[in-house]
Amino acid sequence: MPDTTPRSAGRGADLEALRERTRALCAGFPDAYWRETDRDRRYPQEFVDTLTAAGLLSVLVPPEYGGAGLGVTEASVVMEEINRSGGHSAACHAQMYTMAALLRHGSRALKDAYLPLIARGELRLQAFSVTEAAAGSDTTAIATTATRDGDDYVLTGHKNWTSRIAESDLALVLARTGERAADRTRGLTLFLLDLRRVRAQQPETLEVVPVRTMFNYATNQVHYRGVRVPADHVVGEVDAGFRYVIDGWNAERILLAAEAIGDGYWFVERAVAYATERQVFGRPIGANQGIQFPLADAYMKVRAADLARWEAARLFDAGQPCGAEANMAKHLASEASWAAANVALDTHGGNGFVDEYDVERKFRETRLYQVAPVSNNMIKAFVATKVLGLPRSY
Ligand SMILES: Cc1cc2nc3c(=O)[nH]c(=O)nc-3n(C[C@H](O)[C@H](O)[C@H](O)COP(=O)(O)OP(=O)(O)OC[C@H]3O[C@@H](n4cnc5c(N)ncnc54)[C@H](O)[C@@H]3O)c2cc1C
């Protein structure tokens with residue numbers, strides 16, 4: 001199969017070495033592994049353990065805490081390569097994007113307590129508990145409350161999506177500590193919830209209900225029924241959590257853009273290989289422009305989105321504002337991977353629908369990026385209002 005992934009040209013040998021290292025580890029988890037975990041809706045624990053042991057899921061932890069101290073740029077290469085190998089980063093991407101909020105806004109004590117353990121692979125921070133049924137895209141309307149009681153806050157409410165909480169030791173949880181006022185971003189507080197403590201001391205306060213989705217995604221509804229979280233586990237300032245979540249969101253958008261780009265390259269490469277081999281009417285189907293042109297088109301879209309991802313990651317790592325760039329990269333990448341998915345399906349004809357070709361699985365997986373973590377409509381609204389200065393529609 002041709003390797004059409006552009007190298008990280010001009011971005012350094014270290015980045016290229018990281019790409020090769022991730023690629024080598026992913027090679028140990030072939031299509032059959034992902035097919036089987038998808039069929040059984042099984043969490044790919046062996047894969048996550050392998051990446052954790054290699055330190056690839058803690059690359060963002062600073063060296064003083066035992067991590068590699070790399071940036072979102074590098075983290076995005078890890079995510080891209082997982083998806084490009086035929087795998088699915090959804091099993092393990094949260095530790096990367098939750099890190100921005102913790103590193104930038106967590107207290108010294110919180111970082112001292114948890115980051116060395118995360119760096120050593122002994123603790124997993126893989127859950128980000130924000131979305132609620134009645135709030136949806138309107139995050140500032142969340143109703144889960146955190147009420148002060150002595151040295152603790154008490155969490156009460158319901159989150160309709162919280163992925164990987166059962167596979168995690170820690171979760172970041174956004175809850176309401178103040179009324180929704182004129183400044184809708186105030187009154188929300190971000191907590192680092194130590195799930196080990198909850199499971200050991202008050203398991204009856206946390207109910208996790210798995211949600212079966214159209215692909216293998218370890219996601220859940222969560223009921224917080226008086227979960228106690230120490231007040232010193234507030235990340236940053238009380239009532240200012242929404243701001244910190246946005247830092248996490250920008251990282252999340254860049255990382256998921258990279259995942260979609262990894263998918264996009266995978267679809268193009270698979271389809272090119274198939275179009276080269278498959279003979280119909282006595283010649284490879286790839287000789288027909290009806291097959292070639294959509295593939296060339298899809299490849300160009302993926303390459304263009306890739307450039308937007310590098311730019312967003314560069315700004316993020318430089319500590320510069322990057323909301324527009326992170327959102328645009330996620331939008332462009334998710335549209336590009338979806339276009340490539342459809343082209344790959346068409347190229348494979350009937351075989352595109354057969355599980356052993358893996359196109360149908362990746363097709364289901366890559367569709368998510370248009371909807372979550374933020375829907376592309378909301379990104380268009382963001383660009384229209386925040387970048388182009390048009391009036392707000394909501
Ligand atoms: C597999 C999966 C895993 C997830 N994991 C997590 C997780 O771990 N943690 C977490 O917090 N959340 C998680 N989510 C939730 C995800 O972030 C939300 O689904 C997403 O933000 C969209 O919110 P919603 O589903 O409530 O859609 P809604 O907000 O109900 O929107 C539905 C549709 O209406 C459109 N819409 C709404 N308002 C407007 C408007 N003003 N203008 C134009 N269009 C509009 C949206 O674009 C969308 O197309 C997960 C979701 C999925 C599918």
Side-chain angles (χ1 to χ4, degrees), residues 38 41 43-44 83 88-99 101 124-144 155 157-168 170-176 184 188-193 195 208-224 241-242 244-253 255-257 259-260 263 326-327 330-331 334-335 338 361-386 390-394:
D38 175 67
R41 294 293 193 273
Y43 185 73
N83 280 40
H88 192 20
S89 305
C92 56
H93 53 193
Q95 191 154 285
M96 302 284 204
Y97 57 70
T98 46
M99 204 48 73
R124 302 156 301 170
L125 170 49
Q126 289 288 6
F128 201 13
S129 194
V130 176
T131 309
E132 296 180 9
S137 304
D138 185 5
T139 303
T140 60
I142 64 164
T144 293
L155 293 175
H158 172 237
K159 302 281 183 185
N160 62 334
W161 296 101
T162 299
S163 305
R164 298 162 302 270
I165 193 165
E167 291 79 16
S168 202
L170 304 167
L172 281 183
V173 183
L174 189 69
R176 180 162 294 289
R184 290 188 285 178
L188 300 175
T189 300
L190 190 63
F191 295 90
L192 183 65
L193 179 62
L195 293 160
V208 175
V209 184
V211 174
R212 191 179 161 94
T213 51
M214 69 191 253
F215 56 174
N216 185 25
Y217 208 108
T219 196
N220 311 277
Q221 294 198 31
V222 178
H223 297 272
Y224 296 99
F242 187 74
Y244 315 143
V245 167
I246 287 178
D247 273 341
W249 276 346
N250 285 337
E252 186 179 36
R253 275 148 216 203
L255 293 166
L256 270 71
E259 293 175 21
D263 278 350
N327 274 295
K330 194 291 281 195
H331 187 297
S334 65
E335 297 291 340
W338 182 236
R361 173 175 58 81
K362 294 285 279 182
F363 185 88
R364 287 182 279 117
E365 290 171 357
T366 214
R367 185 62 177 82
L368 175 73
Y369 297 120
Q370 290 174 298
V371 175
V374 59
S375 79
N376 284 356
N377 266 2
M378 300 316 293
I379 293 181
K380 288 188 184 85
F382 179 92
V383 171
T385 55
K386 302 275 189 213
L390 292 162
R392 243 180 113 103
S393 62
Y394 54 90

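As the structure lists them, so they are numbered: ligands from 1, and atoms in each ligand from 1. If you're wondering where the values come from, they're calculated on a predicted model, not measured in any experiment.
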task: For atom 12 (N) of ligand 1, find the nearest protein heavy atom and state the residue, atom name and distance (0.1 Å precision).
output: T131 OG1, 2.7 Å
message: Using 0.5 Å steps for rounding, measure from the CG atom of N327 to the CG atom of N250.
response: 6.5 Å
task: Return the orientation label for the Y217 and H88 ring planes: parallel under 30°, perpendicular over 60°, tilted otherwise.
output: perpendicular
- request: Kindly assign one of parallel, tilted or perpendicular to the pair Y97 and F128, based on the angle between their ring planes and the thresholds 30° and 60°.
  value: tilted
- prompt: Taking distance alone, with no angle check, do T162 and ligand 1 share an N/O pair under 3.5 Å?
  reply: no
Protein contact to atom 47 (O) of ligand 1 [nearest heavy atom, distance to 0.1 Å]: S375 OG, 2.5 Å
message: Polar contacts were defined as any N/O atom of the residue lying under 3.5 Å from an N/O atom of the ligand; does this apply to F128 and ligand 1?
response: yes
- line: Rounded to the nearest 0.5 angstrom, the OG-NZ distance for S393 and K380 is 12.5 Å
task: Give a yes/no on ligand 1: does P373 have at least one heavy atom closer than 4.0 angstrom to it?
output: yes
message: What I want to know is whether W161 and ligand 1 share at least one N or O pair that is separated by under 3.5 angstrom.
response: yes
statement: Sorted by chain and number, sequence neighbours left out, side chain to side chain donor-acceptor pair (under 3.5 Å) with N216 holds for none
message: Closer than 4.0 Å and a protein heavy atom, does any atom meet both conditions relative to atom 33 (C) of ligand 1?
response: no
NE2 on H158 to CD on Q221, rounded to 0.5 Å: 3.5 Å
T213 N/O under 3.5 Å from ligand 1 N/O: no
query: Would you say V374 and ligand 1 have an N/O pair spaced under 3.5 Å apart?
result: no
message: Among A141, A94, G136, S137, which one puts a heavy atom closest to atom 31 (O) of ligand 1?
response: S137
query: Do the side-chain N and O atoms of Y224 and S129 include a donor-acceptor pair separated by under 3.5 angstrom?
result: yes
- prompt: To which protein heavy atom is atom 39 (C) of ligand 1 closest, and what is the distance rounded to 0.1 Å?
  reply: M378 SD, 3.7 Å
- prompt: Which residue holds the protein heavy atom closest to atom 35 (C) of ligand 1, what is that atom called, and what is the gap in Å?
  reply: N377 ND2, 4.1 Å
- prompt: When rounded to the nearest 0.5 angstrom, what is the spacing between NE2 in H331 and CG in N376?
  reply: 4.0 Å
message: Taking distance alone, with N or O pairs closer than 3.5 Å, would you say E132 contacts ligand 1?
response: no
task: Pick whichever of A218, A381, S163 has a heavy atom sitting closest to atom 4 (C) of ligand 1.
output: S163
message: I need the nearest protein heavy-atom contact for atom 53 (C) of ligand 1: residue, atom name and distance, please.
response: L368 CD1, 3.5 Å
- prompt: Take atom NZ in K386; do more than 12 heavy atoms of anything else shown fall under 6.0 Å from it?
  reply: no
message: Quick check on contacts: which atoms of ligand 1 are under 4.0 angstrom from a heavy atom of Y394?
response: 41 (N)
message: Test your reading of the model: is there a side-chain donor-acceptor pair from R364 to the backbone of M214, 3.5 Å cut-off?
response: yes
